[in-house]
Amino acid sequence: MQKIYWDLLKKNHEESKKRRIESLFESDENRFRKFSLKIEDLYFDYSKTNIDPLTLSNLIKFAENSEIMKNVDAMFNGDKINVTENRSVLHTALRNFQTRKFNNLDSINKKLQVRFKSISNFCNHIRSGKKKSCSGDYFTDVVNIGIGGSELGPKLVTSALSEYHDGPKIHFVSNIDSSDINKIIKNLDPRKTLFVLSSKSFTTIETIYNSKTAIEWVCSKLGSDGMKHFVAVCASKEKALDLGVFEENIFEFEEWVGGRFSVWGPIGLPVMLAIGLNQFSEFLDGASQIDYHFKNEEASKNLPITLALIGFWHSTICNYTSRAILPYETKLQYLPTYLQQLDMESNGKSVNLKGESISYQTAPVIWGQIGTNSQHAFFQFLHQSSQIIPCEFLLGANCIDDSYYEKHHLQLIINCLAQSEALMLGIKKEETIERKRNLHHYCHGNRPSTILVYKQLTPRILGKLLALFEHRTFVEGLLWNVNSFDQWGVELGKKLATKLTEHFNKKNQNQNFSNSTLNLLYEIRKLKNNG
Ligand code: F6P
């Protein structure tokens, strides 16, 4: 059945090559309304894509025949849909255990309730000063040490909600490059600094190195009592204990929370410390509202499914190789990077759920930058290069800042809409010639874009946006028939790094590395030794 729709969509694509996007507005004056969705305080406009009514109908039928809702129910119910690791996928439980209990797993909801109360108490005691440092000081600074999903979510949310901060100042360290941790701790007072060691596995070399360096830095100044300045967030308590973290300072989460889906639970501790539990609960409830929408709305009005169908159309049917993420909001500066991990680590795969090779294109390259800065970086490429890159604009109707800045915000809105218009219309060749301009000024246009408008960047709306993107990723993975919840591809590089370390330390010289790697290592040694 799927092949029928796949073939129909290929035919739709051939037809789309014969028309320009703006022609679709000429044939239907209501196109804007028909190709947009309003879900409470979110408005999604996908009318500036080359998707006509027949294509949309076939995309929706394709989704309906992909048994998406059956798989959605399976995820919320805790079925082991992460088939290669034989795990459930229950990050949604982290934001629904108090309200809309979608999964009928009472034991899980009870465990989450207990854990949330424990981490909430810890957070409130740090923020109130009831829990002070070993020198009797308030904790004025928090350093999160973690990488990938153990940093990107908390860093994005902390930055996006900077207007709501009323707790300690939050810093993030991730890279094994020592300048990352050094630039942070050199300006901090160990007596007033709390470290959150965030790692699901607690085997990630960057996090282990940085954690040990932080422990040495604190304990060299405060003695062994300095270990009171360390909390661990992980799924592997024993490893945190081995590092010397006190048991009462270890906050666990389950293996069925994927790293890139983990900001809703203990990995979100830096966010809780920054904005407090009331605002963090708003963030969770916004996500929970999208969960409810995703689980209950029919495909044609389902926002995550619609975003996924557009993504599938652009990547797999039109073969566009990348997707530009363009948030016209400085506070969402880390969103493109967050979505790089969410989408490329989830769906950057070429083997299907049965373990067979895939012949079609799956996840696109995800990249982007805030607007309007991106207009002065790569919009030349978007308008005049030979590559068509679908653009996803995000835009807040209201800015958080004082109304004094309204004139700034109006320009932000206008620039976003103008760029979307320019990508669609371009400058027609006739116009270029009329204006006696050469083809250097010609913009082909006919380049697709969508715009997701949200009322204002509040904790609740941010929760909605991130849940929306998580579910889009999940549905795209279903359409591509891949497992969106494992990441076997990251293991090889880690294994080779371990072997190269052994080689470098002369512990094992008969490693079969390429001639270029070994020679380059030799040259690097020479450069190091010669200073
Ligand atoms: O990039 C591989 C990965 O395992 C990610 O999935 C994860 O978010 C990151 O490394 C960090 O892993 P951990 O939280 O176990 O330190």
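These numbers come from a predicted model, not from an experiment. Excluded from the calculations below are hydrogen atoms, water molecules and symmetry mates; all remaining heavy atoms, backbone and side chain alike, are included. Counting starts at 1 for both ligands and their atoms, following the listed order.
Scanning all protein heavy atoms for the shortest distance to atom 8 (O) of ligand 1 gives G149 N, 2.7 Å. Nearest non-hydrogen protein atom to atom 14 (O) of ligand 1 is S150 OG, 2.6 Å. Protein heavy atom nearest atom 12 (O) of ligand 1, with residue, atom name and distance: T204 OG1, 3.5 Å.
Residue pairs meeting the side chain to side chain donor-acceptor pair (under 3.5 Å) criterion with at least one partner in residues 139-154, sequence neighbours excluded, are D141-H171, N144-S198, E151-S174.
Among E206, K494, K239, Q341, the residue whose heavy atom lies nearest to atom 4 (O) of ligand 1 is K494. Of the listed options Q487, E491, E345, E345 places a heavy atom closest to atom 5 (C) of ligand 1.
Of the N or O atoms in F202, none lie within a sub-3.5 Å distance of an N or O in ligand 1. Taking any N or O of S198, backbone or side chain, none lies under 3.5 Å from an N or O belonging to ligand 1. Between T207 and ligand 1, a contact under 3.5 Å exists for no N or O pair.
Separating the CD1 atom in I170 from the CG atom in L273 is a distance of 5.5 Å, to the nearest 0.5 Å.
S88 places no side-chain N or O within 3.5 Å of a backbone atom of L90 that could act as its donor or acceptor partner.
Between E470 and H91 there is a side-chain heavy-atom pair separated by less than 4.5 Å.
Around atom OH of Y292, no more than 12 heavy atoms belonging to other residues, nucleotides or ligands sit under 6.0 Å away. Counting non-hydrogen atoms of neighbouring residues, nucleotides and ligands closer than 6.0 angstrom, the NZ atom of K111 reaches no more than 12 such neighbours.
K131 and E248 are not joined by a salt bridge, as no carboxylate oxygen comes within less than 4.0 angstrom of a charged side-chain nitrogen.
For ligand 1, the atoms lying closer than 4.0 Å to a non-hydrogen atom of I147 are 9 (C), 11 (C). Those atoms of ligand 1 with a heavy atom of S201 less than 4.0 angstrom away are 13 (P), 15 (O), 16 (O).
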